[in-house]
Asks: 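The structure that follows is given in the form of structure tokens.
Numbered from 1 within each chain, the chains take letters A, B, ... in sequence-line order.
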Amino acid sequence: MSKAEDVSKFEQQRQEKLSRIKELGIEPYGNRYEGTESAENTKSGFKDDDTNQQAKCAGRIVLLRDIGKLIFITLRDRSGTIQVGLSKKLLAEQWELVKLLELGDIIGASGQLGKTKTGEITIWAEQVVLLSKCLLQPPEKFHGLADIDQRYRQRYVDLWANPEVMELFKTRSAIVTTIREFLTSRGFLEVETPMMQTIAGGAAAKPFITHHNTLDMDLFLRISPELFLKRLLVGGMEKVFEINRNFRNEGLSRQHNPEFTMIEVYEAYADYNVMMDLTEEVISLCLEKHAGGKQIRFGELTLDFTRPWRRAKYADLLKEYAGCDIDDIEAVRAKARQLDLDETQMDDMVVINEVFEATVEDKLVNPTFVIDYPAPLCPLTRQTKDDPKYAERFELFIGRMELANAYTELNDPAIQEENFHIQLRGQQETMATMDSDFIAALKYGMPPAGGLGIGIDRLIMVLTGAESIRDVVLFPLLRPAKT
RNA sequence: GGAGGCGUAGCUCAGUCGGUAGAGCAACGGCCUUUUAAGCCGUGGGUCGUGGGUUCGAGUCCCACCGCCUUCACCA
């Protein structure tokens, strides 16, 4: 960064142009501008045989080529770009304004639609309106804005200077819409539950703490909506979902942003198998509608989404990749030591999970459902029918990342209350924080249900090939910029 | 929090062994009515992230700090 003095030098030049525009009696910040068509629609609507086709577009000047008495401008709008030809002959009275236009200004232009010698569809402007003056230097026209720091801090510039960034966020929006439509068309009700909670439950994570002044009480930003959505099952909302932010006060990484978007889905009378099918179906639908094929490049990896996706038991994967039997705890502990893990202060289950995470997770590149987790690791999950050591839970891994987590919900209040007291040694956080109102809800009777959570940001990552969560979050958390 | 890397003009980037700070784009002044990252002629632009230190001399070497990236820790 350079001195404010230098920055303002360029700004001053633009301020001077602004003054000259005002001297022409022109308001440099326009108002409502009606009757426009998008750039891409305008171009696709062009007919060669129609010699009197009018067009009207608005957008930001991203390229400007001044040939003297003729200026070519490339306008960028939400849809793409279109060329505007500004001719002195056609714009006699507006020519003075037109000569003052510069990169970054937002203008509206209308006139006859035609083609240039080289065949580019062009609006030959008869009317030009300055809609907003740009007072700061836009980034370089060819390379765009490349500095990662600045791209995140000034996403408002990144979005129009780098069209692929705009594309990605349009895709993100479309994927969320697809998920929403998929669920609502199947009778799911979209709801919103508290983001500020008095007990941060439903997941194992450190919460953010905030304070309500009038009530004079601390509140937690939610780490999960789970316990509230299950209350809705008790209330009779049999198929519900919520798409919203969770907050976890933990480290940042390529896969972790402190606030991230989750969808949670609950279906009464279903179980984790139903949720597994639903997960595979909805992600495949998103892939089909919004991605380039069943194979997606993800950094060094190629993710193959061809169905059916692998479904493998937790214990079998442990055997496969760690080479030890889940029931042979000494073998697992030996493996832990081999991995340089200090297992002495950990409960058996914690050791098993540490070994699992260290040996299995980074092998799971193509979509893989890991099913039947050890029950003690799953205090909110129903045990499997044939073996109480395991819980009816799956996690979906794609590209070495955990994307989804689901289970057959525990609806026995006695077992749930007991599980809320579990604190495994070696676990820093526990998802078993006592919530007695939730127990009360269960005592009224919660239908058996399947529940599912999908990390939306990570889903967008694997579907678009973006390797960093910051590339799929519009405004990722950063420290304040240097002064 | 630990480790490693990066920070040079508005933007994208060069900068050799420690010896007066460079290019392209953008800007400014000219020319140009069919350009496509338009072209041509000319001009200006820098406390090299910040602060110390070593040195006759620091963008370059050393230390601290700030920010970003990667990685580890953390984190289902």
Side-chain angles (χ1 to χ4, degrees), chain A residues 1-3 5-14 16-17 62-74 81 83-91 95 102-104 114-120 122 124 134-154 157 161-162 202-206 223-224 248-258 260 299 314 340 350 353-354 356-357 361 370 373-374 377-381 393-397 401-407 427-431 453 455 467-468 470 476 478-483:
Chain A
M1 283 284 155
S2 49
K3 292 164 65 185
E5 204 179 292
D6 299 324
V7 173
S8 70
K9 181 194 65 188
F10 286 94
E11 196 177 338
Q12 255 169 30
Q13 285 179 356
R14 284 177 173 252
E16 278 160 27
K17 285 203 177 179
V62 292
L63 287 174
L64 188 150
R65 300 176 286 276
D66 187 341
I67 324 280
K69 298 189 181 65
L70 180 67
I71 300 171
F72 287 102
I73 273 174
T74 302
T81 58
Q83 177 164 275
V84 178
L86 305 168
S87 147
K88 187 177 183 183
K89 217 171 197 175
L90 280 172
L91 289 163
W95 191 244
E102 55 194 333
L103 286 174
K115 275 188 174 175
T116 61
K117 277 181 183 171
T118 49
E120 175 152 3
T122 299
W124 294 104
C134 176
L135 291 172
L136 298 175
Q137 282 275 119
E140 203 238 15
K141 63 190 178 187
F142 188 57
H143 297 93
L145 189 61
D147 184 71
I148 294 170
D149 189 8
Q150 238 183 98
R151 285 187 42 228
Y152 295 156
R153 289 185 199 283
Q154 301 193 300
V157 177
N162 297 315
K206 293 193 201 80
I223 56 174
S224 156
R248 298 187 183 176
N249 202 343
E250 288 153 2
L252 289 72
S253 80
R254 285 211 294 184
Q255 286 94 32
H256 298 85
N257 195 55
F260 62 100
Y314 185 96
D340 267 337
V350 177
N353 206 39
E354 292 280 329
F356 184 91
E357 286 177 5
E361 292 191 352
V370 178
Y373 277 66
L377 297 172
C378 315
L380 299 165
T381 310
R393 171 183 181 184
F394 75 77
E395 287 192 358
L396 171 65
F397 283 82
M401 286 190 299
E402 181 204 336
L403 246 88
N405 180 24
Y407 28 90
Q427 245 183 358
Q428 297 236 347
E429 253 68 52
T430 176
M431 63 197 293
E467 284 185 272
S468 171
R470 295 181 204 97
L478 298 175
R479 289 179 199 271
K482 52 206 163 182
T483 46

Asks: Rounded to whole Å, please give me the gap between NZ in A:Lys117 and C1' in B:U33.
Replies: 9 Å
Asks: Paired with B:U60: which nucleotide, if any, by Watson-Crick or G-U wobble criteria at under 3.5 Å for both distances?
Replies: none
Asks: Look at all strands and tell whether A:Lys141 reaches a base, only sugar-phosphate, or nothing, counting heavy atoms closer than 4.0 Å.
Replies: sugar-phosphate
Asks: Can you check the distance between B:G7 and B:G49, where both ends of the measurement are the C1' atom (answer in whole Å)?
Replies: 6 Å
Asks: Please answer whether the main-chain N or O of A:Leu145 pairs with a side-chain N or O of A:Asn162 as donor and acceptor at a distance below 3.5 Å.
Replies: yes
Asks: Please state whether the phosphate of B:A27, meaning OP1 or OP2, lies under 4.0 angstrom from any side-chain nitrogen or oxygen of A:Gln137.
Replies: no
Asks: Is the shortest side-chain N/O distance from A:Arg248 to OP1 or OP2 of B:C74 below 4.0 Å?
Replies: no
Asks: Within the stacking criterion (centroid distance below 5.5 Å, interplanar angle below 30°), does A:Phe142 stack on B:A37?
Replies: yes
Asks: For B:C75, does the base pair up with any side-chain atom of A:His256 as donor and acceptor (N or O, under 3.5 Å, distance only)?
Replies: yes
Asks: Please check if the side chain of A:Gln154 supplies one atom and the backbone of A:Val157 the other of a donor-acceptor pair under 3.5 Å.
Replies: no
Asks: Any side-chain N or O of A:Arg65 less than 4.0 Å from the OP1 or OP2 oxygen of B:U33?
Replies: no
Asks: Determine the Euclidean distance between corresponding C1' atoms of B:A9 and B:G59; express it in Å to zero decimal places.
Replies: 14 Å
Asks: Identify the residue among A:Lys17, A:Gln137, A:Gln13 that makes a side chain to side chain contact (heavy atoms under 4.5 Å, CB included) with A:Glu102.
Replies: A:Lys17
Asks: Taking the C1' atom in each of B:A26 and B:G10, what is the distance between them to the nearest angstrom?
Replies: 7 Å
Asks: Would the distance check show the side chain of A:Arg14 and the main-chain N or O of A:Cys134 forming a donor-acceptor pair, the cut-off being under 3.5 Å?
Replies: yes
Asks: Under 3.5 Å for both donor-acceptor distances, Watson-Crick or wobble: does B:G67 have a partner, and if so which one?
Replies: B:C6
Asks: NA contact type, A:Arg14, heavy-atom cut-off 4.0 Å: base, sugar-phosphate, or nothing?
Replies: nothing
Asks: With hydrogens left out and only the distance checked, is there a donor-acceptor pair under 3.5 Å joining A:Gln83's side chain and the base of B:U35?
Replies: yes
Asks: Could you tell me which nucleotide pairs with B:G39 by Watson-Crick or G-U wobble geometry, both distances under 3.5 Å, or answer none if nothing does?
Replies: B:C31
Asks: Using the C1' atom in both, what is the distance from B:A23 to B:G46, to the nearest Å?
Replies: 14 Å
Asks: Starting at atom OH of A:Tyr152, determine the distance to atom P of B:G7, rounded to an integer number of angstrom.
Replies: 18 Å
Asks: Using the C1' atom as the point on both nucleotides, what is the distance between B:C68 and B:C25, in whole Å?
Replies: 24 Å
Asks: Within the structure shown, what part of the strands sits under 4.0 Å from A:Lys17 by heavy-atom distance: base, sugar-phosphate, or nothing?
Replies: sugar-phosphate
Asks: Hey, does A:Ile71 reach any base, or is it just sugar-phosphate, or nothing, if we go heavy atoms under 4.0 Å?
Replies: nothing
Asks: Mind checking the C1' distance from B:C40 to B:G19? Whole angstroms is fine.
Replies: 37 Å
Asks: Just the rounded figure in Å: distance from P of B:U33 to CD1 of A:Ile73.
Replies: 17 Å
Asks: Taking only the P atom of each, what is the distance from B:U70 to B:U34 in whole angstrom?
Replies: 48 Å
Asks: Using the side chain to side chain contact (heavy atoms under 4.5 Å, CB included) rule, pick out the option among A:Leu64, A:Ile73, A:Thr74 that qualifies with A:Leu103.
Replies: A:Leu64
Asks: How would you label the contact of A:Gly144 with the nucleic acid (heavy atoms, under 4.0 Å): base, sugar-phosphate, or nothing?
Replies: sugar-phosphate
Asks: Partner lookup for B:G44, please. Criteria are Watson-Crick or G-U wobble with both distances under 3.5 angstrom; report none if nothing qualifies.
Replies: none
Asks: Taking the P atom of each, how far is B:C11 from B:U50, in whole Å?
Replies: 14 Å
Asks: Mind checking who B:C17 pairs with, Watson-Crick or G-U wobble, both distances under 3.5 Å?
Replies: none
Asks: Under 4.0 Å, heavy atoms only, any strand: does A:Tyr373 hit a base, just the sugar-phosphate, or nothing?
Replies: nothing
Asks: Could you state the CG-P distance from A:Asp66 to B:C40, rounded to the nearest angstrom?
Replies: 15 Å
Asks: Between A:Glu395 and A:His143, who's closer to the 5' end of RNA chain B by nearest nucleotide?
Replies: A:His143
Asks: What is the nucleic acid contact for A:Arg151, judged by heavy atoms within less than 4.0 Å: base, sugar-phosphate only, or nothing?
Replies: nothing
Asks: Let me spell it out: for each of A:Glu402 and A:Pro139, pick the nucleotide of RNA chain B with the closest heavy atom. Which residue's pick is nearer the 5' end?
Replies: A:Pro139
Asks: To the nearest 0.5 angstrom, please state how far the CD atom of A:Gln83 sits from the CH2 atom of A:Trp124.
Replies: 7.0 Å
Asks: I'd like to know if the side chain of A:Arg65 and the backbone of A:Phe72 have a donor-acceptor N/O pair within less than 3.5 Å.
Replies: no
